[in-house]
Amino acid sequence: MNKKFEKLGFYPADILLPKGQDMNKWAVVACDQFTSEPEYWEAVEKQVGDAPSTLRLILPEANLKAPNVDELIAKINASMDQYMADGVFETLTDSLIYVERQQSDGTIRHGLIGMVDLDDYDFTPGSGALIRATEATVTERIPPRARVRRNAPIELPHVMLLIDDPEKTVIEPLTAAADTMETVYDFDLMQDGGHIKGYKLSDAQVDAVADALTGLCSDEAQMAKYNLSGAAPLLFAVGDGNHSLATAKACFEEQKKGLTEAEWKKLPARFALVEVVNNHDDALQFEPIHRVLFGVNVEDFMAAFKTAYPDAYEGKGEGHVIEFVWPGHDTFFTVPHPAKQLAVATLQTFLDEYLKGKDVEIDYIHGDDVTRELGGKEGNMGFLLPAMGKEQLFKTVMADGVLPRKTFSMGHAQDKRYYIEARKIRN
């Protein structure tokens, strides 16, 4: 391993890429997207057919509660073994990949794929780790994901980490040099996912990345950005895939048990493949994540809401403004003088209490139109939240700890990471 990365929690990796496959069928969107839209995954299934695809290597979260979920997980692990045995992959040894992703609006998002040391990651609120969660982690969401990873020979990442690099020193220099780099893939993504190109970094470029990341950790950088001296540096903040990274951490901790430090440090599961994106990338936009309740009684809900927030009123005003949708209604409610910093916290604090002991399901939805459509169906309610400014993310996490879960999304659902690369997590 390149010793320059030892204090950064981030390293080049042995990256598995498909060899000679139809890449349009190979790459599918992150498993936690379109969870309330089974027709999306049905269309993906039809498009993939019998071709080798990451669809066979992941469990769409729309299927997490399927009655045959254990059978689905066993098939996923078997497909991983089969793909490895059939030589579907080739290995880019000790590599970083620079990514240019054309999004649905035509803008280009820039990323860097490598692996993080899970020993440098902590999702506990208030942690001083180099790699931290930005949103509250729901520990109950880890076990079903761990069932997929626990016996998996490989991992496929949809985790996106953010760096706070206003001077654009880490990733952006690679953009200017892309024409001189080795192209490892270049293709259109299915289901309106845009286009993606991947380039392998040279040894000199890998060294330059390490130097630039080291600069972001300096006390001078902490002072300039946060007016904090001596604070534990936050180098990577989890932007997408918080629960997937937490699951990787949990599975690694399971494997560590009973091993000496020298032994567990050699475990492939100690690391997780991720994509790093600059929070200051012009193409990166924070979208709100909305809520939809299923099987809810509107009258009961509104009575409880007004009890919790007696000053709340219908209409837009000063305070936290949230759009409520239910059959035949689409209106705004304002909570004046809120105790929380963000509207999402005001709503989620209430929802957490309201849902206790009730047979009401909640889902977290990307997209205004989908939320209004689902919320307008009989027995449902939808809640549309305002977006959070991305410039507040690092400062808030440094000062206050994690945000409420599902506070923001980096772009629209179809702009999320698509599974392309993989990495061995077992010897």
Side-chain angles (χ1 to χ4, degrees), residues 21-73 75-76 79 101-106 141 144-145 148 156 158 160 187-196 240-241 243-244 287-296 323 325-330 359-385 406 409-420:
Q21 305 300 328
D22 182 339
M23 295 299 287
N24 183 258
K25 295 182 178 181
W26 172 262
V28 303
V29 79
C31 65
D32 58 349
Q33 301 304 304
F34 302 102
T35 54
S36 294
E37 298 170 77
E39 62 275 10
Y40 177 91
W41 291 102
E42 290 166 5
V44 172
E45 181 73 42
K46 184 176 180 180
Q47 185 167 347
V48 166
D50 296 328
S53 174
T54 54
L55 181 62
R56 308 302 171 212
L57 309 178
I58 58 115
L59 179 67
E61 293 195 3
N63 296 331
L64 269 179
K65 295 183 179 180
N68 63 334
V69 66
D70 290 335
E71 178 186 337
L72 294 175
I73 292 172
K75 287 179 68 175
I76 289 166
S79 294
R101 169 71 181 278
Q102 183 183 43
Q103 301 182 140
S104 55
D105 62 359
R141 298 186 67 190
R145 291 158 180 78
V148 179
L156 295 97
H158 74 259
M160 292 178 65
F187 64 98
D188 290 332
L189 296 161
M190 68 163 70
Q191 298 290 104
D192 301 318
H195 190 90
I196 192 164
D240 262 348
H243 288 91
S244 293
E287 303 282 344
I289 300 179
H290 306 310
R291 277 74 170 142
V292 173
L293 299 182
F294 300 86
V296 64
E323 184 177 353
V325 178
W326 67 88
H329 294 78
D330 186 342
D359 189 22
V360 177
E361 295 289 327
I362 186 171
D363 199 3
Y364 301 90
I365 306 297
H366 304 266
D368 296 2
D369 292 344
V370 175
T371 304
R372 291 190 182 100
E373 178 188 351
L374 292 172
K377 292 182 178 180
E378 197 63 38
N380 296 354
M381 288 187 75
F383 309 91
L384 287 86
L385 291 154
K406 298 291 185 181
S409 169
M410 299 195 308
H412 300 297
Q414 65 268 33
D415 295 326
K416 298 296 182 180
R417 278 215 91 237
Y418 274 56
Y419 300 107
I420 301 172

Going by heavy atoms in the side chains, are [X] and [Y] under 4.5 Å from each other?
{"X": "E361", "Y": "K65", "value": "yes"}
{"X": "T35", "Y": "Y364", "value": "no"}
{"X": "F294", "Y": "S36", "value": "yes"}

To check you understand the geometry: which heavy-atom pair defines the closest contact between [X] and [Y], and what is its length?
{"X": "D415", "Y": "S104", "answer": "OD1-N, 2.8 Å"}
{"X": "C31", "Y": "I58", "answer": "CB-CD1, 4.0 Å"}
{"X": "A30", "Y": "W41", "answer": "O-CZ2, 3.8 Å"}
{"X": "F34", "Y": "A413", "answer": "CZ-CB, 3.5 Å"}
{"X": "P327", "Y": "G379", "answer": "CG-N, 4.4 Å"}

Indicate yes or no: does D240 engage R417 in a salt bridge with an N to O separation below 4.0 Å.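 Answer for the salt bridge query: no.
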Closer than 3.5 angstrom, by distance alone: can the side chain of [X] be matched with the main-chain N or O of [Y] as a donor-acceptor pair?
{"X": "D363", "Y": "V292", "answer": "no"}
{"X": "Y418", "Y": "M190", "answer": "yes"}
{"X": "T54", "Y": "I420", "answer": "no"}
{"X": "R56", "Y": "K75", "answer": "no"}
{"X": "R291", "Y": "L385", "answer": "no"}

As a quick check of understanding, evaluate side chain to side chain contact (heavy atoms under 4.5 Å, CB included) for I196 and F187, giving each step before the final call. CA-CA 6 Å; I196 192 164; F187 64 98; 3.7 Å; yes
Once you round to the nearest 0.5 Å, how far does [atom1] of [X] lie from [atom2] of [Y]?
{"X": "W326", "Y": "N380", "atom1": "CH2", "atom2": "CG", "value": "13.5 Å"}
{"X": "S244", "Y": "L156", "atom1": "OG", "atom2": "CG", "value": "11.0 Å"}
{"X": "Q33", "Y": "H412", "atom1": "CD", "atom2": "NE2", "value": "12.0 Å"}
{"X": "L384", "Y": "I289", "atom1": "CG", "atom2": "CD1", "value": "12.5 Å"}
{"X": "R145", "Y": "L59", "atom1": "CZ", "atom2": "CG", "value": "9.5 Å"}

So does [X] have more than 12 non-hydrogen atoms from other groups sitting under 6.0 Å from [atom1]?
{"X": "D192", "atom1": "CG", "result": "no"}
{"X": "D359", "atom1": "CG", "result": "no"}
{"X": "E378", "atom1": "CD", "result": "no"}

Stepwise side chain to side chain contact (heavy atoms under 4.5 Å, CB included) test for E323 and H290: CA-CA 10 Å; E323 184 177 353; H290 306 310; over 6 Å; no
Test side chain to side chain contact (heavy atoms under 4.5 Å, CB included) on Q414 and L189; report intermediate values, then the result. CA-CA 9 Å; Q414 65 268 33; L189 296 161; over 6 Å; no
Just say parallel, tilted or perpendicular for the rings of H158 and Y419, cut-offs at 30° and 60°.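 H158 vs Y419 ring planes: perpendicular.
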For H366 and S409, which I'm curious about, is there any donor-acceptor pair between the side chains at under 3.5 Å?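 Distance-only check passes for H366 and S409.
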Start with the C-alpha gap between L374 and E37, add the side-chain angles, then the distance that decides, and say whether side chain to side chain contact (heavy atoms under 4.5 Å, CB included) holds. CA-CA 10 Å; L374 292 172; E37 298 170 77; 5.6 Å; no
